[in-house]
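See structure below.
Here the structure is a predicted model, which means the values were calculated and not measured.
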Amino acid sequence: MANTQSMCTSFMSELMLGQHQLGTSTIVSRGSLTSPTTDTLKAALYLASATYNASTTAYSATGEVSGTGYTAGGVTVTNATAPTSTNSSATAGVAFFTPSASIIYTSVTLTTAFDAVLIYNSTQSNKAVAVYTFGSQTITAGTFTLTMPANTTTTALLRLATT
């Protein structure tokens, strides 16, 4: 068993179906959604012994960390930056998105090794977005911070590109 970093395959097709709203936008093709609000993303931590990867379709408590100060389901992701896209000879068409703030778990004690975070859309039936891995961690009465990368075509947390 091992967690593997990947954008979730189901998320990619769900984007094409319009099932995720990562920023505010007026959707004119749906009468009931003329002024939708941004969906709420959450970030849950997973044990190093769990198996989360591209085939993950939704948040699950199976394999999730537990400990003092940690709430099942994780924390809300600050999502104030709308997705951006560009198309130039240098970037060949890239859509990209990074949460607007670090993901922070405060005053937690997680003594069993964990090495992954699942970003998921709690507004849309807890649909999985992506799994990100990092070195195995434990923490005792402290703060665990996942610092977000720059929101650019080459470093954004989520990137979709044409070739």
Side-chain angles (χ1 to χ4, degrees), residues 3-27 33 35-48 50 52-61 63-67 69-87 91 93-108 110 114-139 142-162:
N3 296 306
T4 306
Q5 182 162 300
S6 181
M7 186 180 301
C8 297
T9 305
S10 58
F11 173 71
M12 291 185 274
S13 63
E14 290 162 1
L15 278 177
M16 300 293 278
L17 294 168
Q19 294 180 2
H20 296 273
Q21 187 73 32
L22 300 181
T24 58
S25 176
T26 299
I27 300 175
L33 293 177
S35 293
T37 57
T38 303
D39 286 344
T40 299
L41 299 180
K42 295 195 81 175
L45 296 172
Y46 286 89
L47 300 171
Y52 285 80
N53 51 44
S55 64
T56 301
T57 58
Y59 161 78
S60 171
E64 186 175 10
V65 301
S66 63
Y70 182 85
T71 302
V75 297
T76 300
V77 174
T78 304
N79 183 10
T81 303
T84 305
S85 63
T86 185
N87 192 359
T91 59
V94 179
F96 54 99
F97 167 79
T98 297
S100 55
S102 296
I103 299 171
I104 302 171
Y105 305 84
T106 57
S107 303
V108 294
L110 305 170
F114 62 96
D115 70 352
V117 63
L118 171 68
I119 307 293
Y120 67 96
N121 188 336
S122 66
T123 306
Q124 300 299 326
S125 304
N126 295 331
K127 292 180 179 190
V129 172
V131 177
Y132 297 97
T133 58
F134 41 83
S136 183
Q137 307 284 317
T138 60
I139 188 165
T143 297
F144 180 70
T145 303
L146 293 168
T147 303
M148 294 297 101
N151 192 37
T152 70
T153 59
T154 57
T155 61
L157 197 65
L158 292 172
R159 293 184 307 272
L160 299 172
T162 60

Self-check item: Partner set under side-chain hydrogen bond (donor to acceptor under 3.5 Å, both in side chains) for Thr4, not counting sequence neighbours
Solution: none

Self-check item: Interatomic spacing from CG in Leu45 to OG in Ser66 - rounded to 0.5 Å
Solution: 11.5 Å

Self-check item: side-chain contact (heavy atoms from CB on, under 4.5 Å) partners for Ser60, two or more places apart
Solution: Tyr52, Thr62

Practice problem: Quickly, which of Thr76, Asn121, Asn79 forms a side chain to side chain contact (heavy atoms under 4.5 Å, CB included) with Thr40? Name it, please. | Solution: Thr76

Quiz item: Which heavy-atom pair separates Ala58 from Leu118 by the least distance, and what is that distance?
Solution: O-CD2, 4.2 Å

Exercise. Check whether any side-chain N or O of Tyr105 sits under 3.5 Å from a backbone N or O of Tyr70 as a donor-acceptor pair, and report yes or no.
Key: no

Exercise. Kindly write out the residues that satisfy side-chain hydrogen bond (donor to acceptor under 3.5 Å, both in side chains) with Tyr46, not counting sequence neighbours, or none if the list is empty.
Key: none

Quiz item: So how far is it from Gln5 CD to Phe134 CZ, rounded to the nearest 0.5 Å?
Solution: 10.0 Å

Quiz prompt | From CA spacing to verdict: side-chain contact (heavy atoms from CB on, under 4.5 Å), Leu22, Leu158 | solution = CA-CA 11 Å; Leu22 300 181; Leu158 292 172; 4.3 Å; yes

Practice problem: Would you list the pairs meeting side-chain hydrogen bond (donor to acceptor under 3.5 Å, both in side chains) in which at least one residue belongs to residues 8-17, sequence neighbours left out? | Solution: Glu14-His20

Quiz item: Would you say the side-chain atoms of Gln21 pair up with the backbone N or O of Asp39, donor to acceptor, closer than 3.5 Å?
Solution: no

Self-check item: Under the side-chain hydrogen bond (donor to acceptor under 3.5 Å, both in side chains) test, residues paired with Ser125 that sit two or more places apart
Solution: none

Quiz item: What do the steps show when you test Leu15 against Leu160 for side-chain contact (heavy atoms from CB on, under 4.5 Å), and what is the final call?
Solution: CA-CA 11 Å; Leu15 278 177; Leu160 299 172; 3.6 Å; yes

Self-check item: Worked check of side-chain contact (heavy atoms from CB on, under 4.5 Å) between Asn53 and Val131
Solution: CA-CA 6 Å; Asn53 51 44; Val131 177; 5.7 Å; no

Quiz item: Given Leu157, which of Phe96, Phe97, Tyr132 fulfils the side chain to side chain contact (heavy atoms under 4.5 Å, CB included) condition?
Solution: Tyr132

Quiz item: Quick one: side-chain contact (heavy atoms from CB on, under 4.5 Å) partners of Thr78, sequence neighbours excluded?
Solution: Ser100, Ala101

Quiz prompt | Separation of Lys42 NZ from Ile103 CD1 (nearest 0.5 Å) | solution = 12.0 Å

Quiz item: What residues, two or more places apart in sequence or in another chain, satisfy side-chain contact (heavy atoms from CB on, under 4.5 Å) together with Ser107?
Solution: none

Quiz item: For Asp115, what residues pass the side-chain hydrogen bond (donor to acceptor under 3.5 Å, both in side chains) criterion, not counting sequence neighbours?
Solution: Asn3

Quiz item: Hey, what do you get for OG1 (Thr84) to CZ (Arg159), rounding to the nearest 0.5 Å?
Solution: 13.5 Å

Quiz item: Tyr120 and Asn126: which non-hydrogen atoms are nearest, and at how many Å?
Solution: CE1-OD1, 3.3 Å

Anything under 3.5 Å between a donor and an acceptor, one on a side chain of residues 142-151, the other on a protein residue two or more places apart or in another chain? List them.
{"unit_1": "Asn151", "atom_1": "OD1", "unit_2": "Thr98", "atom_2": "N", "d": "3.0"}
{"unit_1": "Asn151", "atom_1": "OD1", "unit_2": "Thr98", "atom_2": "OG1", "d": "3.3"}

